[in-house]
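This report refers to the structure that appears directly beneath it.
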Amino acid sequence: DAGVTQSPTHLIKTRGQQVTLRCSPKSGHDTVSWYQQALGQGPQFIFQYYEEEERQRGNFPDRFSGHQFPNYSSELNVNALLLGDSALYLCASSFGLNEQFFGPGTRLTVL
Amino acid sequence: SQQGEEDPQALSIQEGENATMNCSYKTSINNLQWYRQNSGRGLVHLILIRSNEREKHSGRLRVTLDTSKKSSSLLITASRAADTASYFCATGHFSGSARQLTFGSGTQLTVLP
């Protein structure tokens with residue numbers, strides 16, 4: 001049984017560019033949450049998707065947007081990248097409101 | 001912003017010793033979870049304790065929760081070099097139909113062989 005998978009593993013972008021990160025949830029899970037983890041910090045909640053809708057959002061600007069597909073996979077999009085967007089982006093999946101299982105993350109570097 | 005704060009920020013012990021990490025939080029919670037992270041990789045779920053529970057065990061892990069003091073502790077007994085990692089507490093909040101985890105800034109545990 002595959003766990004949560006994320007792609008790509010690493011990504012390098014320049015300021016002002018746009019990026020799309022992808023996440024496939026664990027089999028049987030229908031809810032996907034995204035977190036941003038800056039170096040040396042704990043993860044911060046970006047938003048959560050369920051039934052293809054954004055259910056809750058953390059304190060992140062509108063440059064951060066997402067999508068969930070009918071197969072429950074999800075994308076995180078970040079527009080107009082800033083240097084401060086450099087971080088590890090973590091996807092977590094769950095079945096409803098149960099425990100969240102995390103993927104290995106995508107390391108984004110903005111130059 | 002971070003909800004919880006782990007204490008200490010860093011802990012170094014010898015193999016075989018016990019490691020205790022503490023977490024404090026600010027608002028009411030539905031549950032508290034502990035995660036482990038190896039060197040910038042994904043988070044591994046260790047244990048969940050609900051707000052109406054006071055203590056929970058899982059293998060070499062023991063977690064306590066004191067909701068009156070808004071604090072939790074994670075005890076790892078008979079530590080091994082492989083336990084070297086960052087440990088995070090995360091508080092679970094149910095808001096309508098959503099469930100959000102709010103993480104602390106973590107404790108870096110180093111277990112020396």
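Within every chain, numbering begins at 1; the chains are lettered A, B, ... in the order of the sequence lines, protein sequences first and strands thereafter. Note that the structure is a prediction, hence the values are computed from the model and not measured.
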Problem - Which of Q33(B), H45(B), Q108(B), Q9(B) touches chain A most, by non-hydrogen pairs under 4.5 Å - result: H45(B)
Completion exercise
On a heavy-atom basis, the closest approach of F88(B) and G42(A) is CE2-CA, 3.4 Å
Fill in the blank from the handout: Okay, L43(B) and chain A: the region with an atom under 4.5 Å from a heavy atom over there is both
Exercise for the section: Taking atom CZ of R54(B) as the centre, report whether more than 12 heavy atoms of other residues, nucleotides or ligands fall under 6.0 Å from it. Expected result: yes
For the hydrophobic clusters of this structure (ILVMFWY residues joined by side-chain heavy atoms under 4.5 Å, transitively), does one cluster hold both [X] and [Y]?
| X | Y | value |
| --- | --- | --- |
| L88(A) | L76(A) | no |
| L11(A) | Y35(A) | no |
| F47(A) | L21(A) | yes |
| L65(B) | V63(B) | yes |
| Y49(A) | V78(A) | yes |

Practice task
Would you sort out whether Y35(B) and Q100(A) count as a side-chain contact (heavy atoms from CB on, under 4.5 Å), showing the intermediate values?
Solution key: CA-CA 11 Å; Y35(B) 285 85; Q100(A) 296 183 18; 4.1 Å; yes
Just verifying a value: how many Å separate [X] [atom1] and [Y] [atom2], rounded to the nearest 0.5 Å?
| X | Y | atom1 | atom2 | result |
| --- | --- | --- | --- | --- |
| R41(B) | L90(A) | CZ | CG | 12.5 Å |
| Q37(A) | S86(B) | CD | OG | 8.0 Å |
| L101(B) | Q44(A) | CG | CD | 13.0 Å |

Handout entry: Aromatic ring proximity F103(B)/F45(A), centre distance under 6.0 Å
Key = no
